[in-house]
Asks: 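Mind having a look at this structure? Questions to follow.
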Amino acid sequence: MERIDNTIKDAVINAINQLYNAEVPVNQVSIKKTRKEFDGDFTVVVFPFLRFSKKTPDLTAEELGNFLKDNLTEVVDFNVIKGFLNLTLSHHYWLDFFKEINSDKSYGLKSKNEKFKTVVIEYSSPNTNKPLHLGHIRNNLLGWSVSKIIEATGNKAVKVNLVNDRGIHICKSMLAWKYLSGGKKPEDENVKGDHFVGDYYVAFDKEYKKQIAELVKSGTSEDEAKNNAQWMKETRTMLKEWEQGNEGVRTLWKTMNDWVYKGFDQTYKKLGISFDKIYYESETYLRGKDVILKALKEGILQQKEDGTVFIDLTKEGLDEKVLLRSDGTALYMTQDIGTAIIRYEDFHFDESAYVVGNEQDYHFKVLKIVLDKMGYPWANNISHISYGMVELPHGKMKSREGTVVDADELIEEMIQTAKEKSEELGKLEGFSQEEKDEIFRKIALGALKYFILKVDAKKNMTFNPEESIDFNGNTGPFIQYTYVRVQSMLTKAKEQDISEFNDFENIEKLEESEISLLNKFYDFEEVIAEAGEKRNPSVIANYVYDLAKEYNRFYHELPVLKEENINLQKLRLSLSEKTGLIIKIALDLFGIEVPERM
RNA sequence: GGUCUCGUAGCUCAGUCGGAUAGAGCAACAGCCUUCUAAGCUGUGGGUCGAAGGUUCGAAUCCUUCCGGGAUCACCA
């Protein structure tokens with residue numbers, strides 16, 4: 001079935017041709033959803049046509065409206081307000097539309113066709129020296145959701161994680177553990193592995209600062225003190241030993257990373273996210289070094305007297321970018337070049353997307369150019385899904401000031417809040433503790449995920465931990481609640497032996513809130529397409545909130561089970577069921593689960 | 001300083017490929033549960049869309065300048 005707005009568009013072009021003997025370019029025809037305060041379903045803006053009609057806006061709209069009414073069976077009425085032509089579609093059209101989508105239980109989702117694109121999407125990308133925090137949560141939720149949306153638009157998403165498992169920061173934790181732990185393991189203290197290792201990272205910083213202070217006191221300059229502090233010197237030695245493959249260092253490194261991975265896995269599991277492949281920087285950085293040295297030989301890159309390898313991007317309006325240190329060791333950019341190449345060999349992607357914060361916009365600009373200059377034709381298919389920072393009411397999160405919102409703690413607090421709220425409402429009597437816990441979990445994560453994903457990804461957002469996250473209004477639980485309402489109604493219908501209700505017929509007239517709902521159903525396809533193009537889940541959040549609100553209005557205004565006209569009852573049950581289905585599908589694109597009761 | 005980005009109600013955010021009287025939620029206030037789950041619904045108040053110019057029939061939206069916040073310009077990641 002052709003989308004009706006396209007049908008109208010074609011008809012408008014035809015109308016201008018017939019009425020005014022003129023060809024309108026397609027992009028001049030703007031068909032929009034009619035705003036709520038006016039009558040109608042679709043609105044045609046007639047201002048662009050005045051140069052053809054040579055008449056007033058109102059008169060032009062009038063003539064156009066009459067033409068469309070006469071020539072399109074779907075259009076039964078129109079009104080003109082200040083040059084806006086509002087078209088009303090027949091109830092018959094809406095019923096036909098509904099019957100068509102109603103048979104499609106996965107309405108909104110596209111299946112893969114032959115032309116599908118493979119999109120590799122990197123997200124999460126943690127360092128292994130500290131646990132995940134709120135910023136990572138935004139990253140993880142975005143990566144997961146965008147992957148789901150890419151799949152929903154009929155393409156293939158390959159979810160990959162790049163773990164930054166090597167470098168000076170990990171050595172810091174290792175050194176602190178060596179000196180301070182007395183050989184203790186996470187199990188000994190009943191601490192999650194990532195938190196355990198993170199604590200030693202903090203401990204390192206504390207001791208390091210003390211050592212600097214002591215040196216400064218005895219007359220050393222601050223810069224010198226930073227360099228010469230005992231623990232820093234030892235850490236650098238440790239890094240060198242790691243690169244040389246020193247057995248003891250490698251063993252400790254592996255042990256501590258494994259603790260961290262165990263912790264990460266728990267957090268990922270709680271968040272409900274996963275990966276198709278995990279890359280480790282320790283396994284890709286050498287490849288980066290190789291290709292850089294090769295490119296240096298080919299004259300693509302330059303080298304300074306001290307041995308630094310760099311690329312001159314001043315012509316591109318950027319700077320000189322160093323790709324290898326003077327001592328030949330690898331940098332962040334070095335390994336990212338290596339990883340990108342390996343990733344292409346692994347998947348032959350049509351697009352390689354990186355979900356990384358906007359503080360790295362520059363990095364990805366450079367990465368693309370460097371790979372392009374090195375002659376990789378797929379460099380242009382690299383994209384950066386850049387998202388804004390999560391700020392606290394008083395500013396940025398700072399680990400040194402202890403204002404970092406820890407991911408695990410946040411999730412636990414959300415679950416606690418969901419529990420309190422739920423028990424206060426007392427709707428879950430008769431459920432086992434296990435069932436209740438499962439519902440609390442779904443609500444808590446629904447609240448958290450929706451709260452973060454409803455904000456436009458590229459914008460910075462503020463997170464207020466004191467107020468926590470609301471469960472009323474434009475929130476995940478509100479949408480879940482709407483779903484639950486529908487399920488409750490469907491259950492009651494079944495109890496009344498109404499099991500088949502998609503066969504409604506002989507309906508002459510639809511109520512306003514029914515048409516509004518159908519209009520929302522109509523929008524769903526476009527919304528998913530837009531979210532896919534923009535790589536932005538918030539488009540879907542706005543939509544599903546509107547849908548839920550629209551349904552609640554319908555629910556209050558019209559009887560469903562109590563409706564005596566059997567066909568109307570069936571129609572309304574079908575509308576309810578469809579609303580529930582769309583909510584479920586939309587929320588699933590966020591990784592939000594729906595409870596059956598709450 | 002160069003580059004990028006953001007600035008919409010007290011707060012958090014929609015709306016930004018130009019379209020009607022700029023919308024939601026929270027917070028405040030007033031109503032609605034003997035009737036399909038009140039985590040809901042209805043209503044009231046709240047705005048010089050950072051400022052000034054410009055383009056246009058029409059600007060929160062596009063252009064210029066300015067003001068204010070943030071990011072980035074590392075041999076950190």
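All chains are named by letter (A, B, ...) in the order of the sequence lines, taking the proteins before the strands, and each is independently numbered beginning at 1. Keep in mind that what you see is a predicted model, and the values were worked out from it rather than measured. Worth knowing before you read on, the calculation uses all heavy atoms, side chains too, and leaves out hydrogens, waters and symmetry mates.
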Asks: Just by distance, no angles: are the side chains of A:N519 and A:K33 close enough, under 3.5 Å, to form a donor-acceptor pair?
Replies: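 Checked: A:N519/A:K33 side chains pair up, N/O donor to acceptor below 3.5 Å.
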Asks: Check the angle between the aromatic planes of A:Y332 and A:H363 and answer parallel, tilted or perpendicular using the 30° and 60° thresholds.
Replies: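 It falls in the parallel class, under 30°.
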Asks: Check nucleotides 29-33 of chain B against the protein and report each pair of N or O atoms closer than 3.5 Å, with its distance, or say if there are none.
Replies:
none

Asks: Under 4.0 angstrom, heavy atoms only, what part of the nucleic acid is A:R553 near: base, sugar-phosphate, or nothing?
Replies: sugar-phosphate
Asks: With a 4.0 Å cut-off on heavy atoms, is A:V560 in touch with a base, just the backbone sugar-phosphate, or nothing at all?
Replies: base
Asks: Please determine if a side-chain N or O atom of A:R485 lies less than 4.0 Å away from the OP1 or OP2 oxygen of B:rA38.
Replies: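 For B:rA38, OP1/OP2 do have a side-chain N/O of A:R485 under 4.0 Å.
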Asks: Each nucleotide N or O in nucleotides 56-61 of chain B that has a protein N or O under 3.5 Å away: list the pair and distance.
Replies:
none

Asks: Would you indicate what A:T43 reaches in the nucleic acid, counting non-hydrogen atoms under 4.0 angstrom: base, sugar-phosphate, or nothing?
Replies: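 Result for A:T43 = base.
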Asks: For A:S422, report the nucleic acid contact type (base, sugar-phosphate, nothing); a contact means any heavy atom under 4.0 Å.
Replies: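 Contact class for A:S422: base.
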Asks: Does the distance from a Lys or Arg side-chain N to an Asp or Glu carboxylate O, for A:R343 and A:E122, drop under 4.0 Å?
Replies: yes
Asks: Pick base, sugar-phosphate or nothing for A:M598, based on heavy-atom distances below 4.0 Å to the nucleic acid.
Replies: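 It contacts base atoms.
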Asks: Could you list all N or O pairs between the protein and nucleotides 70-73 of chain B that sit under 3.5 Å apart?
Replies:
residue, atom, partner, partner atom, Å
B:rA71, OP1, A:K396, NZ, 3.1
B:rC73, O2', A:D319, OD1, 2.8
B:rC73, O2', A:D319, OD2, 3.3

Asks: Within this structure, what is the CG-to-P distance between A:L392 and B:rC11, rounded to whole angstrom?
Replies: 17 Å
Asks: Contact class for A:D456 (heavy atom, under 4.0 Å): base, sugar-phosphate, or nothing?
Replies: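 Sugar-phosphate: the residue A:D456, judged by heavy atoms under 4.0 Å, touches backbone atoms but no base.
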Asks: With a 4.0 Å cut-off, would you call A:K55 and A:E63 a salt bridge?
Replies: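 The answer is yes: the pair qualifies as a salt bridge.
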Asks: Enumerate, in order of first residue number, the stems that involve RNA chain B, defined as 3 or more consecutive Watson-Crick or G-U wobble pairs with both distances under 3.5 Å.
Replies: B:1-7 with B:67-73, B:10-13 with B:23-26, B:28-32 with B:40-44, B:50-54 with B:62-66
Asks: Need one value for A:V322: base, sugar-phosphate or nothing, where a base atom within 4.0 Å counts as base even if backbone is also close, heavy atoms only.
Replies: sugar-phosphate
Asks: Once you apply a heavy-atom cut-off of 4.0 Å, does A:K492 come out as touching a base, just sugar-phosphate, or nothing?
Replies: sugar-phosphate
Asks: What distance, rounded to whole Å, do you find between the two P atoms, one in B:rG7 and one in B:rG45?
Replies: 27 Å
Asks: Examine the side chains of A:Q360 and A:Y354 and answer whether a donor and an acceptor come within less than 3.5 Å of each other.
Replies: no
Asks: We want to know whether A:T482 and A:N552 form a side-chain donor-acceptor pair, criterion being a heavy-atom distance below 3.5 angstrom.
Replies: yes
Asks: Would you be so kind as to tabulate the donor-acceptor pairs closer than 3.5 Å made by side chains of residues 448-457 of chain A, with sequence neighbours excluded?
Replies:
residue, atom, partner, partner atom, Å
A:K449, NZ, A:L271, O, 2.7
A:K449, NZ, A:G591, O, 2.6
A:Y450, OH, A:N474, OD1, 2.5
A:Y450, OH, A:A541, O, 3.2
A:K454, NZ, A:N474, O, 3.0
A:D456, OD1, A:K458, N, 3.3
A:D456, OD1, A:N536, ND2, 3.1
A:D456, OD2, A:K458, NZ, 3.2

Asks: Which part of the nucleic acid, if any, lies within reach of A:L558 when heavy atoms closer than 4.0 Å are counted: base, sugar-phosphate only, or nothing?
Replies: base
Asks: If you measure from the P atom in B:rG50 to the same atom in B:rU61, how many Å do you get, rounded?
Replies: 8 Å
Asks: Is any NZ, NE, NH1 or NH2 atom of the basic residue among A:R441 and A:E593 found under 4.0 Å from an Asp or Glu carboxylate oxygen of the other?
Replies: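 Salt bridge present between A:R441 and A:E593.
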Asks: Does B:rA20 have OP1 or OP2 sitting under 4.0 Å from an N or O in the side chain of A:K36?
Replies: no
Asks: With the side chain of A:S326 defined as its heavy atoms from C-beta on, choose the nearest nucleotide among B:rU37, B:rA77, B:rC75.
Replies: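 Nearest nucleotide to the side chain: B:rC75.
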Asks: Could A:K396 and A:E391 be called an ion pair, given the rule that one side-chain N must be under 4.0 Å from one carboxylate O?
Replies: no
Asks: Would you classify A:L331 as touching base, sugar-phosphate or nothing, given that sugar-phosphate means primed atoms plus P, OP1 and OP2, and contacts are heavy atoms under 4.0 Å?
Replies: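 The residue A:L331 makes sugar-phosphate contact but no base contact.
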Asks: Between the side chains of A:R572 and A:E577, is the shortest nitrogen-to-carboxylate-oxygen separation below 4.0 Å, so that they form an ion pair?
Replies: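 So A:E577 does not pair with A:R572 through a salt bridge.
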Asks: Within the 4.0 Å heavy-atom criterion, would you say A:D336 contacts the bases, only the backbone, or no part of the nucleic acid?
Replies: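 No contact at all - A:D336 keeps every heavy atom at 4.0 Å or more from the nucleic acid.
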Asks: Report which part of the nucleic acid A:T308 touches: base, sugar-phosphate, or nothing (heavy-atom distance under 4.0 Å, all strands).
Replies: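 The residue A:T308 makes base contact.
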Asks: For the residue pair A:F524 and A:Y543, does the interplanar ring angle fall in the parallel (under 30°), tilted (30 to 60°) or perpendicular (over 60°) class?
Replies: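 Correct class here is parallel.
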Asks: Would A:T56 and A:D58 count as having a side-chain donor-acceptor pair, cut-off 3.5 Å?
Replies: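 No, because no side-chain N or O of A:T56 sits under 3.5 Å from a partner of the opposite role on A:D58.
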Asks: Any base atoms under 4.0 Å from A:F451, or only sugar-phosphate, or nothing? Heavy atoms, all strands.
Replies: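 Result for A:F451 = nothing.
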Asks: Counting only heavy atoms not in A:D39, do more than 12 sit closer than 6.0 Å to its CG atom?
Replies: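 No, CG of A:D39 has 12 or fewer neighbouring heavy atoms, counting only those of other groups under 6.0 Å.
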Asks: Within 90° of 0 counts as syn, otherwise anti: where does B:rC33 fall?
Replies: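 Classified syn.
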Asks: Tabulate atom names and distances for all N/O pairs under 3.5 angstrom spanning the protein and nucleotides 24-26 of chain B.
Replies:
residue, atom, partner, partner atom, Å
B:rA24, O2', A:Y545, OH, 3.0
B:rG25, O2', A:N474, N, 3.4

Asks: Salt bridge between A:K209 and A:D205, side-chain N to carboxylate O under 4.0 Å?
Replies: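 Judged by the 4.0 Å cut-off on N to carboxylate O distance, A:K209 and A:D205 do form a salt bridge.
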Asks: Applying a 4.0 Å non-hydrogen cut-off, can you work out what A:I168 is touching in the nucleic acid: base, sugar-phosphate, or nothing?
Replies: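 If one applies the 4.0 Å heavy-atom cut-off, A:I168 turns out to touch nothing in the nucleic acid.
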